[in-house]
Amino acid sequence: MTVFGPRLRNATLTAHVTASLGWFGSVAAFLALALAGWFSAEPQTVRAAYLAMDVVGWFVIVPLSIATLVTGVVQSLGTVWGLMRHYWVIAKLLITVIATALLLVHMQPVGHLAEAATRAALADGELEGMRIQLVADAAAAIVVLLTAAGLSVFKPRGLTRYGIRRRRREQSLSAQQKAAA
Ligand code: HEM
């Protein structure tokens, strides 16, 4: 049984796809800035990169990750997919919740680097562990988001136990309705 009509479903799907692929694109920009911050020999570029990462992280990436989560849950509950019926939906839910939580945790080093870069130009090798970590985080996020996008498009088969029970119940209900008509 679906809650949304076709128009509403398309409208909410547009919001979901826009938010999730916007999230992917903004993480790609984040990775480019993290690489510039790590590799550049220009103190101005390094400073600008970490300051931009702080702004892009808090004002673009975090809101888009939350928007993806909210629109994804709405899309699941409003369509035949359901939230707990298919393994691919559960996998995307877990990926999104974990990625959002890790993003919030890993915004701390970004703030730290942005603050250090504001005070003085970062010297070669200074806070190197943190700078490398940001590159690794952003690259890992790209892989994870690509996995989620692949799951969304391929929608691999596989019903959960709850999904199987729901499907049986719906089938027997429609058989009863046909018999009564
Ligand atoms: C990184 C996170 C995510 C990405 C990149 C993503 C991407 C997408 C894309 C591109 C589609 C359109 C696929 C198509 O129409 O063939 C889609 C559909 C869908 N997504 Fe997501 N999504 C994400 C997170 C979530 C979450 C957290 C949920 C819910 C738990 C979710 C539930 C759904 C559902 C149910 C559909 C099918 C909607 C329909 O057919 O009406 N997604 N997603």
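Residue indices begin at 1 and follow the sequence shown. Order of appearance sets the numbers: ligands from 1, and atoms from 1 within every ligand.
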Residue-ligand contact Thr68/ligand 1, heavy atom below 4.0 Å: yes

Any side-chain heavy atom of Val3 sitting closer than 4.5 Å to one from Leu77? no

Less than 4.5 Å apart, any side-chain heavy atom of Gln108 and any of His112? no

Is the shortest heavy-atom distance from the side chain of Met107 to the side chain of Asp54 under 4.5 Å? yes

Per-atom contacts of ligand 1 with Thr79, taking only distances under 4.0 Å to non-hydrogen atoms: 41 (O)

To which protein heavy atom is atom 27 (C) of ligand 1 closest, and what is the distance rounded to 0.1 Å? Thr96 OG1, 3.3 Å

Heavy atoms, side chains only, cut-off 4.5 Å: are Asp137 and Leu31 in contact? no

Can you check whether Trp58 reaches Leu104 side chain to side chain, under 4.5 Å on heavy atoms? yes

How wide is the angle at atom 21 (Fe) of ligand 1 between NZ in Lys92 and NE2 in His16, to the nearest 10°? 180°

If you have a sec, work out which protein heavy atom is nearest atom 28 (C) of ligand 1 and how many Å separate them, to one decimal? Gly72 CA, 3.4 Å

Note: ligand 1 atoms sitting under 4.0 Å from heavy atoms of Leu83 are 30 (C)

Less than 3.5 Å between some nitrogen or oxygen of Trp81 and one of ligand 1, yes or no? yes

For Phe24, is the nearest heavy atom under 4.0 Å from an atom of ligand 1? no

Would you say Tyr50 and Glu115 make side-chain contact, with heavy atoms under 4.5 Å? no

Would you say Arg131's side chain and Gly37's backbone share a donor-acceptor pair under 3.5 angstrom? yes

What protein heavy atom sits nearest atom 34 (C) of ligand 1, and how far away is it? Trp88 CH2, 3.8 Å

For ligand 1, the portion of Phe4 having any non-hydrogen atom under 4.0 Å away: neither

Specify the closest pair of heavy atoms between Ala67 and Thr71, including all atoms of both residues, with the distance to one decimal. O-OG1, 2.7 Å

Suppose we measure from atom 9 (C) of ligand 1 to each protein heavy atom; which comes out shortest, and what is that distance? Ser152 CB, 3.4 Å

The option among Lys155, Arg9, Gln75 carrying the non-hydrogen atom nearest to atom 40 (O) of ligand 1 is Arg9

Val73 heavy atoms within 4.0 Å reach ligand 1 at atoms 29 (C)

Residue-ligand contact Phe154/ligand 1, heavy atom below 4.0 Å: no

Compare Leu145, Leu146, Leu13 and give the one whose heavy atom is closest to atom 1 (C) of ligand 1. Leu145

Give a yes or no answer on whether the side chain of Thr160 reaches the backbone of Met84 with a donor-acceptor pair at less than 3.5 Å. yes

Please walk me through it: do Val135 and Phe39 pass side chain to side chain contact (heavy atoms under 4.5 Å, CB included)? CA-CA 11 Å; Val135 173; Phe39 282 125; over 6 Å; no

From Ser76, Ala99, Ala141 - option closest to atom 35 (C) of ligand 1 by heavy atom: Ser76

Should Val62 and Leu33 be regarded as members of a common hydrophobic cluster, given that ILVMFWY residues are connected when their side-chain heavy atoms come within less than 4.5 Å of each other, either directly or indirectly? yes

re atom 12 (C) of ligand 1, the protein heavy-atom contact at minimum distance is Val17 CG2, 3.7 Å

Nearest neighbour in protein (non-hydrogen) for atom 4 (C) of ligand 1: Ser20 CB, 3.4 Å

